[in-house]
Structure formats: structure tokens, C-alpha cells
Protein chains: 2
Amino acid sequence: MVDFSSFKTEAGMPIYLQILYFIERGAVAGTIADGDELPSRRVLSALLGINPNTVQKAFRLLEEEGLIESRSGAKSFMTLNADKISQLRVSLLTADIRGLTGALKRTGIDKAEALRLIDAFWDEEAGDEEV
Amino acid sequence: MVDFSSFKTEAGMPIYLQILYFIERGAVAGTIADGDELPSRRVLSALLGINPNTVQKAFRLLEEEGLIESRSGAKSFMTLNADKISQLRVSLLTADIRGLTGALKRTGIDKAEALRLIDAFWDEEAGDEEV
DNA sequence: TCAACCGTATTATATGAGTAATACAGTCGC
DNA sequence: GCGACTGTATTACTCATATAATACGGTTGA
């Protein structure tokens with residue numbers, strides 16, 4: 001069963017996308033594996049305190065993406081393979097890195113300082129680093 | 001005059017926020033300086049192909065933040081000083097770095113690989129790096 | 001002075017995100 | 001079989017974003 005205990009909704013991004021990315025990143029990280037059972041729309045929505053339709057929207061997109069399989073009346077399961085994971089890994093990391101480097105460049109930071117900041121912040125959770 | 005020639009709207013974020021961040025990052029980077037004149041709401045909206053009200057929303061927030069000064073009937077100007085810029089720099093960079101490290105960790109990447117990716121992607125614009 | 005700007009405000013409309021309530025048919029284990 | 005679950009679908013509502021069309025009064029420069 002796919003574990004949602006570490007999932008927390010945040011402001012600023014649609015919840016259905018947060019669910020989508022949570023599944024995608026879990027698949028790439030290996031914490032979610034092929035064949036894993038997904039909680040039902042109703043159960044997950046109750047667990048997260050959101051509407052079943054919001055969960056359904058995320059699951060529908062994941063099914064269109066070929067990452068999960070749903071049959072009317074039955075439970076839903078992850079359908080992963082090495083190719084899908086590899087492809088997903090590239091697209092997620094590329095978007096992450098490109099987004100950050102673009103933002104940092106617009107803020108006038110050079111590469112050396114960027115690397116220093118990543119290095120300093122990596123192990124922190126809620127520290128007050130000197131920027 | 002604040003230069004918006006490099007500004008392009010993107011999907012996924014409210015346009016008024018994109019304008020807000022563009023000004024903020026320009027102020028931190030030094031490409032926008034204290035006393036710089038801002039284009040009028042009407043002129044900028046025509047230039048960007050968006051609605052004047054969307055520009056006004058961004059400028060209103062910037063004024064509440066104390067980064068610009070507007071007088072009814074007259075033009076608007078940047079009002080920056082070292083303290084404001086320093087404060088802005090910390091908040092922007094902190095949000096950037098925290099966002100990225102969180103995403104990469106959820107994708108199962110370790111620090112060494114993260115630093116390698118940033119280093120490899122920094123000088124690229126639209127390349128096809130091996131991830 | 002006065003026309004051409006400027007900032008500001010108001011009202012209306014369209015769209016997408018998210019919630020809410022409900023309904024229907026398929027699957028599964030007892 | 002049958003009840004409890006499942007996925008799926010529909011309609012309606014709220015809210016934020018963005019657009020659109022105006023309108024008002026202040027500022028500026030020829």
C-alpha cells in the first residue's frame with residue numbers, strides 16, 4: 001500500500017498536482033514500487049482532509065500518464081517499469097534544476113555561491129543560515 | 001527606466017506575481033536601482049499584452065512592500081536601500097534553495113548528485129544533459 | 001491654460017481550482 | 001447472493017485569477 005503518511009498539503013500549488021508529484025517522486029525515489037496498491041479515492045481524501053474529486057483528478061492524470069491502473073469497482077495499483085521511472089526521473093530533475101538555476105541567475109547569484117548555498121542548506125530542516 | 005524587455009509571462013504562476021518577482025529579483029541583482037522610473041500601468045500592460053489591472057495588482061503589492069512609490073497622477077519610482085535589498089535577498093534565496101532541496105530529496109537524490117547537476121546545468125540554456 | 005498623460009477605483013464577465021453532495025455501476029469477500 | 005466496498009460521473013457552489021470597459025481626479029509639460 002502506497003504510504004501517504006508523509007504527505008502534507010501546502011499553499012501555492014493545486015492539491016491534485018501535489019498528489020501527482022508525490023506519487024511521481026516516490027516512484028523515482030523507489031519508495032513507491034510497481035504493483036503497490038493505492039488507497040481508494042474516498043479513503044485518501046478522508047485521510048488528507050480534502051475532497052474525493054481532488055484525489056480523483058490526480059489519479060486520473062496518473063492513469064493517463066500510465067503510472068497507475070484503475071478498474072471500475074476494483075482497487076488501483078501502480079504500474080511501473082524501468083523505462084517509465086527513468087523517463088520520469090529525467091523530466092522531474094530537469095524541471096527542478098532548470099527552475100532553480102533560472103531563479104538564482106535572475107537574482108544575480110553566480111555558480112560558486114549557488115553551490116555553496118545548496119551545500120549549506122542540504123542538511124538543514126528549519127535553520128537560519130547566513131545568506 | 002526599469003527595463004522589462006527580458007520579461008516573459010509563463011504558465012503556472014499568476015502574472016501579477018511574476019511581475020512582482022521580476023522587480024524583486026532585479027532589485028537584488030542590481031539591474032533595478034533606487035530612483036529608477038517605472039513604466040506606467042497602461043504602457044506596461046500594453047507592452048506585456050496583459051490587462052492594466054494585473055499590472056496594478058503587482059504594483060500595489062510592491063508599494064505595500066515599500067519597494068516602489070506611487071503618487072496619483074505622477075509616475076512611479078523605485079525606493080530601495082541597502083537594508084531592503086539585503087532583506088529581500090535573504091528571503092528570495094532561502095525560498096529558492098529550500099524549495100529545490102526539498103524537491104530533490106523527495107526524488108531520492110543525494111547531495112553530491114544534486115551539486116553535480118547544478119554545476120552541469122548552470123551554463124546551459126536549452127541543452128540535453130544526461131541526468 | 002489645457003491636453004495628455006498619470007494613478008486609482010468600480011463593476012462585470014470568464015475561467016480554472018477546489019469543495020460539496022449525490023448517484024450509478026462494477027468488484028470482491030463472506 | 002449480497003452487502004460493503006470500489007471507480008466513475010454529474011451538478012452546483014465558492015474563490016482567485018485575469019480580462020474588459022469605464023470613470024474620476026491629480027500631475028506634468030508645452
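Residue numbers begin at 1 in each chain, while the letters A, B, ... track the order of the sequences.
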Those residues at least two apart in sequence (or on a different chain) that pass side chain to side chain donor-acceptor pair (under 3.5 Å) with B/D110 are none

Quick check for you: to the nearest 0.5 Å, what is the distance between A/I118 atom CD1 and B/L117 atom CG?
10.5 Å

Given atom CG of A/L61 and atom P of C/dG16, what is their separation to the nearest angstrom?
14 Å

Tell me which pairs pass ring-ring contact (aromatic ring centres under 6.0 Å, His included) where either residue lies in residues 38-62 of chain B, with sequence neighbours left out.
none

What integer distance in Å separates B/F59:CZ from C/dA9:P?
15 Å

Please list each protein N or O that sits under 3.5 Å from an N or O in nucleotides 13-20 of chain D, with the distance.
residue: D/dT17; atom: OP1; partner: B/Y16; partner atom: OH; Å: 2.7
residue: D/dT17; atom: OP2; partner: B/K57; partner atom: NZ; Å: 3.1
residue: D/dA18; atom: OP1; partner: B/I15; partner atom: N; Å: 2.6
residue: D/dA18; atom: OP2; partner: B/I15; partner atom: N; Å: 3.1
residue: D/dT19; atom: OP2; partner: B/N51; partner atom: N; Å: 3.1
residue: D/dT19; atom: OP2; partner: B/T54; partner atom: OG1; Å: 2.7
residue: D/dA20; atom: N7; partner: B/N51; partner atom: ND2; Å: 3.4
residue: D/dA20; atom: N7; partner: B/N53; partner atom: ND2; Å: 3.4
residue: D/dA20; atom: N6; partner: B/N53; partner atom: ND2; Å: 2.6

Given D/dG7, is OP1 or OP2 found less than 4.0 Å from the side-chain N or O atoms of A/S76?
yes

Run the side chain to side chain donor-acceptor pair (under 3.5 Å) test against B/K75 and tell me which residues pass, sequence neighbours left out.
B/E37

Rounded to the nearest Å, what distance is computed from the CD atom of residue A/Q56 to the P atom of nucleotide D/dT6?
13 Å

Results of side chain to side chain donor-acceptor pair (under 3.5 Å) for B/T107 - residues two or more places apart only:
A/R25

Interatomic distance, CZ@A/F121 vs NZ@B/K111, rounded to 0.5 Å, equals 12.5 Å

Contact letters for nucleotides 25-30 of chain C, in which S counts primed atoms plus P, OP1 and OP2 and B counts the base, heavy atoms under 4.0 Å
-BSS--

Presence of A/S70 side-chain N/O under 4.0 Å of D/dG7 phosphate oxygens OP1/OP2:
no

What pairs of residues pass the side chain to side chain donor-acceptor pair (under 3.5 Å) test when at least one of them lies in residues 55-64 of chain B, not counting sequence neighbours?
B/R41-B/Q56, B/R60-B/E64

To the nearest Å, how far apart are B/L38 CG and C/dC5 P?
19 Å

Residues in side chain to side chain donor-acceptor pair (under 3.5 Å) contact with A/S5, at least two apart in sequence or another chain:
A/D3

Indicate whether OP1 or OP2 belonging to D/dT8 is found under 4.0 Å from a side-chain N or O atom of A/R41.
yes

Distance-only donor-acceptor pairs under 3.5 Å for side chains of residues 14-24 of chain A, two or more places apart:
residue: A/Q18; atom: OE1; partner: A/E10; partner atom: N; Å: 2.9
residue: A/Q18; atom: NE2; partner: A/E10; partner atom: O; Å: 2.7
residue: A/Q18; atom: NE2; partner: A/M13; partner atom: O; Å: 2.7

Without decimals, in angstroms, what is the distance between A/L44 CG and D/dT8 P?
14 Å

Just how far, in rounded Å, is C1' of D/dT8 from CZ of A/R60?
11 Å

Separation of atom CD in B/E63 from atom C1' in C/dC6, rounded to whole Å:
13 Å

